[in-house]
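Notes follow the structure.
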Amino acid sequence: MERQVTRRTSSAEDTGSEMSEEERLMDQREKEELEQHPKERDASRTQKLTEQKLTTREEGKATLKNGSKNKKQAADDYQFVLEEIDFMKASVMDGDNFDYEEMEDSLEKSRAKSALEALKEERRKLPIYPYREELLQAISDHQVLVIVGETGSGKTTQIPQYLHEAGYAKRGMIACIQPRCVAAMSVAARVSQEMGVKLGQEVGYSIRFEDCTSEKTILKYMTDGMLLRELLGEPDLASYSVVMVDEAHERTLSTDILFALVKDIAQFHPDLKVLISSATLDAEKFSDYFDSATIFKIPGRRYPVEINFIKAPQADYLDAAIATSLQIHVTQPPGDILVFLTGQEEIETAEEILKHRTRGLGTKIAELIICPVYANLPTDLQAKIFEPTPEGARKVVLATNIAETSLTIDGIKYVIDPGFCEMKSYNPRTGSETLLVTPISKASALQRAGRSGRTGPGKCFRLYTAYSFHNEMDDNTVPEIQRTNLANLVLTLKSLGIHDLVHFDFMDNPPSEAIISALELLYALCALNNSGQLTKVGRRMAEFPVDPMLSKMIVASEKYKCSDEIISIAAMLSVGNSIFYCPKDKQVHADNARMNFHTGNVGDHIALLKVYNSWKETNYSTQWCYENYIQVRSMKWARDVLDQLAGLLERVEIELTSNPGNLDAIKKSIASGFFPHFALQQKDRSYKTFKHLETVNIHPSSGLAQVLPSWVVYHELVFTTKKYVRQVTEFKLEWLKEIAPHYYQRKDAMRVLWAADQLRLADVMSLLRLAADGTLL
DNA sequence: GAGCACTGC
């Protein structure tokens, strides 16, 4: 039943001989400079690097202008080791065993005939088309099928249609699960066109904040989280005949849970068909997990991509990436360049250096248009990457991982892959998150390389050695379930009635400490009782699509009569760290604008509330956002979340009450959810966390970073260059008795007294009093 | 004195 993708292999050496003389010269120059300035990557690098570049690159100009000597040696000194990786050759496969006229007749009537003709022609040209019958047979023969479909095979748009044409929709909806909502929307739109029906009718999509389906819907494209939420109301998926999990290799937290639940459901519902569609090498793993499910392979349509590894390891990948971009620009045929960098800061640095260097070269080289792109970049600036490159110019896109899966840019012919990305991992012991520059996996490297071969043959330049690739890089990225806080996942599973989490059949087990600390947290929040059952509080909390400490804060706001303020704060916090936009060149202005919301040192939570309310007062003005360096996109998202939370309040019968003047009530509600996140100030401006005795600092972006109250409650603890607490609000120790007497014990008070350095006398006294007067057990 | 990417009845 397995199909092998046809592969094309060819000699690995030939590109080396295509190097032009200029290229060799550039190479030589770059290498000399790299050797002269070996640099380690460190936190303060940016400044240094920029300064250095601005001076040393002047020499590069001279060399290029004069041309010069020693070409042979240059060629020997610096060259890429070339190795060709094989991809499917672009081909049009024919084969015609399917009657489209018949399909048409059975579909809705209202449609443009000629447009449909063109679409059906396109459908037939997709690589998947010749496999239609065989695929349908396989689905009919097996309840679970793993489908390996390369990019461009047409699996996402065609398989649900094939299933519909084969009559599966008569038994229930055909769900196609996507990891991203843009994909769900755009694919649904495309499929509705192909079927000649109106979007939202037979073909629809369902994503957060938008349910574009109707009674008639038979093909439903939806996000993974959406199906998970639906499962809470319909645990047996009775309204579906087929669930196809697309892009399963991305392994989001939600899809990992879905795998386990769907596997379980399938055992009791033999009529439910399960399709797992994965693009990469881990099909075997999916097959094993689903009890040796059959694997069905479909070739894709992609152009060959030539892979080049660097010969010797580079001291600094950013340096090497910039050098390589310029080298490509000067020596290679037209085609845009995509460079994968780790973050905003790095992209801004690279942009500055590139601008300076190309300016230095003046008219000696063709125009190089530099386009930065990262998730936090305002939408209007992001749009620049999609503008067509003018004749004679070349575009270089400096992107984060956003370009690996989320954004597709046409016209990219060259990919530069330094082999790193910034990744979050979670320490369940301390509850801290770490943001770390990490080597990417082989799967990720393949994905990146593939970005150059979408519209024509491409080239990928990897800034690491072939040896590193084969011997040092992991095959796959560690799945999210193994590097994230599981409190929300555990709450979801508990509300589905799954209690034995340690023996739960995950595809990759999360660390048991992560499950245990999640259970401990839920117990501390009173969401679970002694026997691990969901309490009434827990059931209410599970209704809210936010992390448990946030949902507890919301539930607690009922008591303090400030649910209105609290859901606004929760909505703003759930947007994450992207409310404020701080471009490097306007940092002072942006910082000033941000500090305007901190008057009165009310703390970051209440500052967020002020931001939201101020925006609301301007009638949700975009202009206001620009003036205040605030991301419009984030604010709109917060508004949608807020609407949703308000609706859910009603559902769990919590009255929407406002108590704007009573800041203490708001702070107490926050603390009711976040009491595990208390910290005490030490004399050296750092803080000691009450429970885990971690030494932390208030994040410099906080309004309280200079104020330093004795006691704070924080939203999150992130470990970047230091351990920072972000989103901080003052808390009064005497509130502890009211809020979390069950959580902190006398021994915690004594331990923090013992562990903290140079406490203020007043704080020592308060702690002793707390331990002595019976407040703490 | 700091900043990966997604996403949720």
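Letters go in sequence order (proteins before strands), and every chain restarts at 1. Hydrogens, waters and symmetry mates are skipped; everything else that's a heavy atom, side chains included, is used. Quick caveat, the model's predicted, so the values are computed rather than measured.
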Any donor-acceptor N/O pair, A:Arg594 side chain to A:Ser701 backbone, under 3.5 Å: yes
Side chain to side chain contact (heavy atoms under 4.5 Å, CB included) evaluation trace for A:Lys688 with A:Gln681: CA-CA 6 Å; A:Lys688 194 64 105 181; A:Gln681 199 219 336; over 6 Å; no
Partner set under salt bridge (charged side-chain N to carboxylate O under 4.0 Å, His left out) for A:Arg639, not counting sequence neighbours: none
Salt bridge A:Arg180-A:Glu247, side-chain N to carboxylate O under 4.0 Å: no
Among B:dC9, B:dG8, B:dA2, the one nearest A:Thr223 by side-chain distance: B:dG8
Nearest-angstrom distance from the residue atom NE2 of A:His249 to P of B:dA5: 19 Å
Whichever of A:Asn376 and A:Asn488 has its nearest DNA chain B nucleotide further upstream toward 5': A:Asn376
A:Val182 side-chain proximity, nearest of B:dA5, B:dT7, B:dG1: B:dT7
Nucleic acid contacts - residues 589-599 of chain A versus DNA chain B, non-hydrogen atoms under 4.0 Å: A:Asp591, A:Arg594
Euclidean distance, atom CG of residue A:Leu261 to atom P of B:dG8 [Å, nearest integer]: 18 Å
Whether A:His677 and A:Phe674 hold their rings parallel, tilted or perpendicular, with breakpoints at 30° and 60°: tilted
Between P of B:dG8 and CG of A:Leu642, the distance in whole Å: 17 Å
Listed nucleotide nearest any side-chain atom of A:Ala375, set B:dA5, B:dG8, B:dC9: B:dA5
Protein-nucleotide distance (A:Tyr374, atom OH; B:dC4, atom P), rounded to Å: 10 Å
Of the listed nucleotides B:dA2, B:dG3, B:dC6, the one nearest the side chain of A:Ile402: B:dC6
Test side chain to side chain contact (heavy atoms under 4.5 Å, CB included) applied to A:Leu486 and A:Thr484, step by step: CA-CA 6 Å; A:Leu486 298 178; A:Thr484 195; 3.8 Å; yes
Sugar-phosphate, base or nothing in reach of A:Leu435, heavy atoms under 4.0 Å: base
Sidechain N-carboxylate O distance under 4.0 Å for A:Glu351, A:Lys355: yes
Sugar-phosphate, base or nothing in reach of A:Gly343, heavy atoms under 4.0 Å: sugar-phosphate
Closest to the A:Pro700 side chain, choosing from B:dG1, B:dG3, B:dA5: B:dG1
Nucleotide nearest A:Pro545 (side chain, heavy atoms from C-beta), chosen from B:dT7, B:dG8, B:dG3: B:dG8
Sugar-phosphate only, base, or nothing, as touched by A:Met226 at under 4.0 Å among non-hydrogen atoms: sugar-phosphate
Length of the CD-C1' vector between A:Gln178 and B:dC6, whole Å: 13 Å
Phosphate-side-chain proximity, A:Thr721 and B:dA2, N/O vs OP1/OP2 below 4.0 Å: yes
Whole-Å distance separating the CD atom of A:Glu210 from the P atom of B:dT7: 14 Å
Touch class at under 4.0 angstrom, heavy-atom based, for A:Ile207 against every strand present: sugar-phosphate
From B:dA2, B:dT7, B:dC9, nucleotide with atom closest to A:Arg651 side chain: B:dC9
Sugar-phosphate, base or nothing in reach of A:Thr252, heavy atoms under 4.0 Å: nothing
Parallel, tilted or perpendicular, as decided by the 30° and 60° cut-offs, for the rings of A:His699 and A:Tyr724: perpendicular
Sugar-phosphate only, base, or nothing, as touched by A:Glu348 at under 4.0 Å among non-hydrogen atoms: nothing
Between P of B:dG3 and CZ of A:Arg726, the distance in whole Å: 6 Å
Sugar-phosphate, base or nothing in reach of A:Asp211, heavy atoms under 4.0 Å: nothing
Check: A:Glu250 side chain, B:dC6 base, donor-acceptor under 3.5 Å: no
NZ/NE/NH1/NH2 to OD/OE distance under 4.0 Å, A:Arg726 and A:Glu433: no
Residue A:Ser406, side-chain heavy atoms: nucleotide from B:dC9, B:dC6, B:dG8 that is nearest: B:dC6
Nearest listed nucleotide, side chain of A:Gln644, among B:dA2, B:dC9, B:dG8: B:dC9
Sugar-phosphate only, base, or nothing, as touched by A:Thr720 at under 4.0 Å among non-hydrogen atoms: sugar-phosphate
Options B:dC6, B:dG8, B:dC4, nucleotide nearest the side-chain atoms of A:Thr400: B:dC4
Contact nearer the 5' end of DNA chain B, comparing A:Leu648 with A:Phe719: A:Phe719
Heavy-atom side-chain contact between A:Arg483 and A:Tyr426 under 4.5 Å: no
d(NZ, A:Lys723; P, B:dA2) in whole Å: 16 Å
Sugar-phosphate only, base, or nothing, as touched by A:Glu404 at under 4.0 Å among non-hydrogen atoms: nothing
Sugar-phosphate, base or nothing in reach of A:Arg208, heavy atoms under 4.0 Å: base
